Each structure stands twice: as C-alpha cells, then as structure tokens.
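Data first, discussion second: the structure below is written as structure tokens.
These numbers come from a predicted model, not from an experiment.
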Amino acid sequence: MAEPTPSGEGALAALEPGQYVPLDLMIEGEGQGMSERRALRELRILMWVVIAVGVPVYLVWLVQVGYLTGQQLPRGDVARWAPPVLLPPVAVLFCVMAGWTWWLSVVARSGSPLRERWIVASLVFVAVGSVFCGVTSVDDPSVSVGLLSAAVTGLGMIGLFFIPAAASRQLPDVVRRRAAERRAGAGPAGLDDA
C-alpha cells in the first residue's frame, strides 16, 4: 500500500534538490504564497481604511465638541479654548505614542508595553476626556450621546494606535512570523503577546 503524499508546504519541504515536482503541487504552493500576499494586502488596506475614516472624523469631532464644551465656561475664562486646542494634539500624541511603543515591542519580540501604567493611563485619559467633551457638549446629555461619543472615540483611537503598524515595512514579516508560531503550536497569540 502506497503512503499518501503530503500536500502544500510540507510536500515542497520534503522534496530533495533536483527531484521532480508535479505541476499541481507547484501551483498549490504558488497559490498559497499568492493568497498570503493577498491576505496581507487586505489587512493593510483594512488598517488604512480604519485610519482614513476614523482618524479625521475623530479629530474634527474632537475640535467641534471641544469648542462646544469650552463655550459653556464663563466668557473671560482662558480655559474656554483649551479643549478644542489641546485635545486633538494630545489624542494624536498619546495614541500614536502608545501604538508606536506597542509595535516596536511586537517587532522586537519583547514584553508588551500595554502592561505599563503610564501607557494605559495616557490612553484612558484621552478616552475619558473625549467622551466627557462629547457628552458635555450637548444641551441634553443622554445615553445615546454617550454611546456615540464612545464609538467615535474608540474608532479614532484605534485608527491612531495602528498608524505605526500600518505604515511599517515590517508588517508582513511580523504577520508571517506570528502565523508560523501559531502553526507550530505556540498557541494563539493575542495583541498583548509579543
């Protein structure tokens, strides 16, 4: 009884140099490479769509709700202009900084910086400040306003957080490495594992 022949990458790896390779095995191997490239391209496109849609909406929304929140302060108060002027740059700085440190740790295979208090505190500060301005900017705050504020804040912060990863040339290598680790039985790796 003949042994079953392996298929896919296992079959290509089991071949000796100079050994005949059936055409269907070659095509299957090429198809896997093409589907991998396609999946990586789709991942990068998805990341950039989230960034391109979420970040501008979030920043414009932050300026608008920051302005409306500031206008509720007394006329002579200098702090009136603090929310629309300071909130957007602080959000960009803190979210991109947290995303950058996380991405560098993923590339370097070191421990996740998302466990450090200062990074979590900066992200919580941005989220709370954004949602607070969103809720206090309306005359009649309600649960739906809070949920909308949380949704816009979440989408914008996620987009800002993933800018370093989406722009990195190392993204395909990291995705391939993580997929190989999962296939090798290292277990499911989450975003927090590096």
Side-chain angles (χ1 to χ4, degrees), residues 37-73 79-108 110 112-138 141-179 189-194:
R37 279 189 300 242
R38 182 174 180 223
L40 286 169
R41 188 177 321 116
E42 289 172 355
L43 172 66
R44 193 174 290 246
I45 289 170
L46 175 65
M47 291 173 84
W48 280 111
V49 165
V50 169
I51 292 166
V53 171
V55 171
V57 167
Y58 176 56
L59 294 178
V60 168
W61 176 81
L62 257 183
V63 170
Q64 181 68 28
V65 297
Y67 174 78
L68 293 173
T69 301
Q71 294 307 307
Q72 294 179 4
L73 295 173
R80 272 181 103 154
W81 299 104
V85 172
L86 296 179
L87 249 138
V90 165
V92 170
L93 177 70
F94 286 176
C95 293
V96 172
M97 176 190 60
W100 188 255
T101 55
W102 168 77
W103 179 246
L104 290 176
S105 74
V106 168
V107 170
S110 62
S112 175
L114 294 179
R115 294 185 181 124
E116 294 185 29
R117 288 184 182 165
W118 67 273
I119 290 180
V120 173
S122 66
L123 292 174
V124 168
F125 172 76
V126 170
V128 168
S130 298
V131 172
F132 174 77
C133 281
V135 170
T136 59
S137 68
V138 296
S142 64
V143 173
S144 61
V145 171
L147 291 175
L148 178 64
S149 298
V152 172
T153 298
L155 186 63
M157 288 180 69
I158 288 169
L160 288 167
F161 185 86
F162 282 118
I163 287 174
S168 175
R169 292 182 184 196
Q170 297 168 327
L171 180 65
D173 298 332
V174 169
V175 170
R176 285 185 193 110
R177 181 185 78 212
R178 301 288 289 249
L191 289 176
D192 213 21
D193 301 333

Which distance, rounded to the nearest 0.5 Å, do you find between the CZ of R44 and the CE of M47? 8.0 Å
Looking only at non-hydrogen atoms, find the nearest pair between P88 and P84 and report the distance. CD-O, 3.4 Å
Hits for side-chain contact (heavy atoms from CB on, under 4.5 Å) against F132, two or more places apart or cross-chain, chain-then-number order -> T136
The test is side chain to side chain contact (heavy atoms under 4.5 Å, CB included); show your working for T101 and E116 and say whether it passes. CA-CA 11 Å; T101 55; E116 294 185 29; over 6 Å; no
Do I45 and W48 come within less than 4.5 Å of each other through their side chains, counting heavy atoms only? no
Taking ring-ring contact (aromatic ring centres under 6.0 Å, His included) as the definition, give me every residue that meets it alongside W100, ordered by chain and number, with sequence neighbours left out. none
Minimal heavy-atom distance between R177 and V107, with the atoms involved, is NH1-O, 3.4 Å
Once side chain to side chain donor-acceptor pair (under 3.5 Å) is applied, do any residues pair with S168, and if so which ones, sequence neighbours excluded? W103
Are side-chain heavy atoms of R178 and V106 found at a separation under 4.5 Å? yes
Which heavy atom in S122 sits nearest to a heavy atom in M97, and how many Å separate them? OG-CE, 4.3 Å
Identify each donor-acceptor pair in which a side-chain atom of residues 56-67 lies under 3.5 Å from a protein atom, sequence neighbours left out, and give them as a table.
| unit_1 | atom_1 | unit_2 | atom_2 | d |
| --- | --- | --- | --- | --- |
| Y58 | OH | S130 | OG | 2.7 |

Non-hydrogen atoms of L160 and A91 that approach each other most closely: CD1-O, 3.9 Å
Closest non-hydrogen atom pair between P172 and L40, with its separation: CB-CD1, 3.8 Å
Kindly give the heavy-atom pair with the smallest separation between V145 and G134, and that separation in Å. CG1-O, 3.6 Å
Contacts of L86 that satisfy side-chain contact (heavy atoms from CB on, under 4.5 Å) - sequence neighbours left out: A82
CA sep, side-chain torsions, deciding dist, call: W118, F125, ring pair (Phe, Tyr, Trp, His ring centres under 6.0 Å): CA-CA 10 Å; W118 67 273; F125 172 76; over 10 Å; no
Pairing residues for L123 by the side-chain contact (heavy atoms from CB on, under 4.5 Å) criterion, not counting sequence neighbours: C95, A98, I119, M157
Rounded at 0.5 Å granularity, tell me how far CZ in R37 sits from CZ in R176. 8.5 Å
As an exercise, state the distance from CD1 of I51 to CG of L46, rounded to the nearest 0.5 Å. 9.5 Å
